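Everything on this sheet refers to the single structure shown next.
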Amino acid sequence: MQNKIRVYNTLTRRKEDFETAIPGKVTMYVCGPTVYKPSHVGHLVGPIIFDTIKRFLGHQGYQATLIVNITDIDDKLIVEAAKRKITVKQLADEITGDYFQCLKALGIESIDRFPKATEHIPEILAMISKLISDSHAYASAGDVYFDVSSDQDYGKLCNRDPEQLEAGARIELNDKKRNPGDFALWKGAKPGEPFWESSWGPGRPGWHIECSAMSMRWLGETIDIHGGGLDLQFPHHENELAQSESFSGKPFARFWLHNGLMKTGEKKMSKSEGNEIVVSELLKKYPAETLRALILSSHYRSPIEFSENRLIEVGRSLETFQRFYERVGRITNAPVTAIPIWNQGNSDNEELAAIRTRFIEAMSDDFNTGSALSVLFDLVTHLNRWIETHKLEKDKSSTPQLNILIDGVSILRELSGILGILSPNTQTKNPDETNGLVEGLMGLVIELRALARKEKNYPTADLIRTRLTSLGISLEDRPDGTGYRIE
RNA sequence: GGCCCCUUGGCCAAGUGGUAAGGCAGUGGAUUGCAAAUCCAUUAUCCCCGGUUCGAAUCCGGGAGGGGCCUCCA
């Protein structure tokens, strides 16, 4: 029943058949944010993509579990909290709240758990202890380091020899380390810093160990999908992989998926570049679905150039769907949401079935959302053409043709739900529109204009329309009457 | 310096061996009193040079341009 899914695996650098450890189940771990500054657009790329992947896997019959961690203890948090004269906890809570709001706005509700580093200190300590006793790590003056030379495979994820890594020679010099490439599992606390007690003295976890500990705690020693931004491939994921497999002796993740990075002005968007677009600010100006659609319009491994122009362009393309929904609503005399989603695509109509198959195949090929989205445009064009060919706007009685339209809408709702976009009525409505006053006034104006048109008083009719346009209201004379849209 | 990736129409973007999806913008047509919306049509020497092949955007080699990682980063 399940379609064959192909996935690009960073570890092997090729597309592979997607097979999970337990048939029918998928465990997914995606690296989340370090919560010290509000989320920028780049931070949401991963969540949007992996949310979409989970939706699709669910649609294909998998039972998927998705976990995204929150890094709530880290040097950057300590610095930022000190700068703002608040505690690390206060800072983490505030920024985590911002992150959750962004996720909610973007329709990301599929994440099953958000484990926090600070809530997994016992697991982290246990893991470090075992790594030390297995000679994969060593304590050194209050710190604990992972011994890179103890791992034969080190470098396999990013396809590099340890010597090449050292050749970079930009690794921080630290005489507590045996090898320059060794990385901290535990960092001894300096005076005034937050700390947890440990056998090696007071301190805090290193950056990478939390993900290993939390991934294993919630999903087991081998997970199916480990995801994150391309910039995490090294050193973060390489180190996670090394310490996890040294710890368990088992493969840490079956598939490593890395999403491309958001760029602004040719450069990667990042806090350190100082070119980041804060999501909460952006969402004041643009619907969240537009941002989501922008990200899904290209392949997840490609870099995305962010600009407001792009966002406006995508928003414009999305209007086609909203207009279509309104058009269908007028034909069926009910909101389009009243049309159920059958989720099985068992339309008798061959053309609809073929379109649906194209979508599933696009998604099955390494989650090609851009290609899948184009299928949805084709579907709407097909259905608009269907409406015109069969004059469904003029003859609204129930006919086989109308039923096929409804089949098509059901499929559109089903498929767009996988991408998490194109939901009806999600465009921000003008609040005035809901209180009935505008509606009443518009009815009056349209009636007056209809009278003028009847008398062939076109200058007056056009004056009304032009003036409304300048107010941001467009009139549309349709076969079944005049309608209006507020921009 | 090392490792990796990208380059498709005005812009964005699918497409890994059989002669180019889709979106935005533009143009022409249908429709309309005129528009809008919708539909139809239309816009590509696939960065350059060479090679492999009956056949390449797709594979190989070289070149140019751009990006990522090697340090915190989604």
Side-chain angles (χ1 to χ4, degrees), chain A residues 10 13 15 30-34 36-37 39-50 68 74-76 79 155 158-161 163-172 181 207 227-236 238 258-263 266-273 276 293-294 297-299 301-305 307 309-310 312-320 323-324 326-327 358 362 365 368-378 380-382 384-389 393 453 456-459 461-462 465-466 469 474-479 482-485:
Chain A
T10 307
R13 292 181 302 288
K15 270 189 212 172
V30 175
C31 290
T34 299
Y36 76 105
K37 277 188 176 172
S39 297
H40 67 244
V41 178
H43 290 138
L44 275 304
V45 173
I48 288 171
I49 286 162
F50 288 101
V68 173
D74 172 89
D75 292 9
K76 292 192 293 298
V79 170
C158 61
N159 190 31
R160 270 177 273 198
D161 299 331
E163 284 137 42
Q164 285 176 343
L165 291 167
E166 287 180 31
R170 289 206 231 162
I171 297 169
E172 185 189 352
W207 175 32
L230 201 56
D231 52 352
L232 293 183
Q233 195 180 336
F234 189 89
H236 185 55
E238 190 71 60
H258 289 99
N259 61 269
L261 304 176
M262 182 69 82
K263 301 193 302 171
E266 296 294 310
K267 279 275 188 286
K268 178 177 84 165
M269 185 182 294
S270 79
K271 292 165 188 167
S272 41
E273 291 282 349
E276 74 265 30
L294 168 64
S297 67
S298 62
H299 189 90
R301 272 187 284 114
S302 308
I304 307 172
E305 175 76 33
S307 73
N309 272 345
R310 284 278 288 131
I312 290 167
E313 202 176 292
V314 170
R316 217 173 281 160
S317 75
L318 261 32
E319 282 176 24
T320 302
R323 289 204 171 95
F324 172 72
E326 290 167 17
R327 190 179 196 188
R358 275 209 290 142
D365 183 11
N368 194 333
T369 52
S371 187
L373 182 55
S374 80
V375 175
L376 265 28
F377 279 97
D378 285 346
V380 158
T381 301
H382 180 262
N384 269 322
R385 191 193 302 137
W386 187 265
I387 289 171
E388 301 201 353
T389 307
E393 279 176 313
R453 292 176 72 203
K456 300 213 189 300
N457 182 357
Y458 294 121
D462 290 347
R465 189 172 59 198
T466 310
T469 303
S474 55
L475 291 186
E476 298 177 2
D477 296 325
R478 309 180 184 113
T482 299
Y484 68 94
R485 291 180 58 89

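Just so it is clear: chains get the letters A, B, ... in the order the sequence lines come, proteins before strands, and each one is counted from 1. The shown structure was predicted, so the numbers you read here are calculated from the model rather than taken from an experiment.
Base pairing analysis places B:rG61 opposite B:rC49; the two distances defining the Watson-Crick or G-U wobble pair are each below 3.5 Å. Here B:rA30 sits opposite B:rU38 as a Watson-Crick or G-U wobble pair (both hydrogen-bonding atom distances under 3.5 Å). With a 3.5 Å ceiling on both atom-pair distances, the Watson-Crick or G-U wobble partner of B:rC24 is B:rG10.
A:His236 comes within 4.0 angstrom of no nucleic acid atom, judged by non-hydrogen atoms across all strands. Heavy atoms of A:Asn368 sit under 4.0 angstrom from primed sugar atoms or phosphate atoms, though from no base atom. Within the nucleic acid shown, A:Asp378 comes within 4.0 Å of sugar-phosphate atoms alone, with no base atom in reach, counting heavy atoms only. Within the 4.0 angstrom heavy-atom criterion, no nucleotide atom of any strand lies near A:Arg485. Within 4.0 Å (heavy atoms only), A:Thr381 reaches sugar-phosphate atoms of the nucleic acid but no base atom. Nucleic acid contact class of A:Thr34 (heavy atoms, under 4.0 Å, all strands): sugar-phosphate only.
With hydrogens and angles ignored, no donor-acceptor pair closer than 3.5 Å exists between the side chain of A:Arg478 and the base of B:rA37.
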For nucleotides 64-67 of chain B, print each protein N/O atom paired with a nucleotide N/O atom at under 3.5 Å, atom names and distance only.
none

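The gap from the P atom of B:rC6 to that of B:rU58 amounts to 12 Å, rounded to the nearest Å.
Distances shorter than 4.0 Å separate none of the side-chain N or O atoms of A:Arg323 from OP1 or OP2 on B:rA36.
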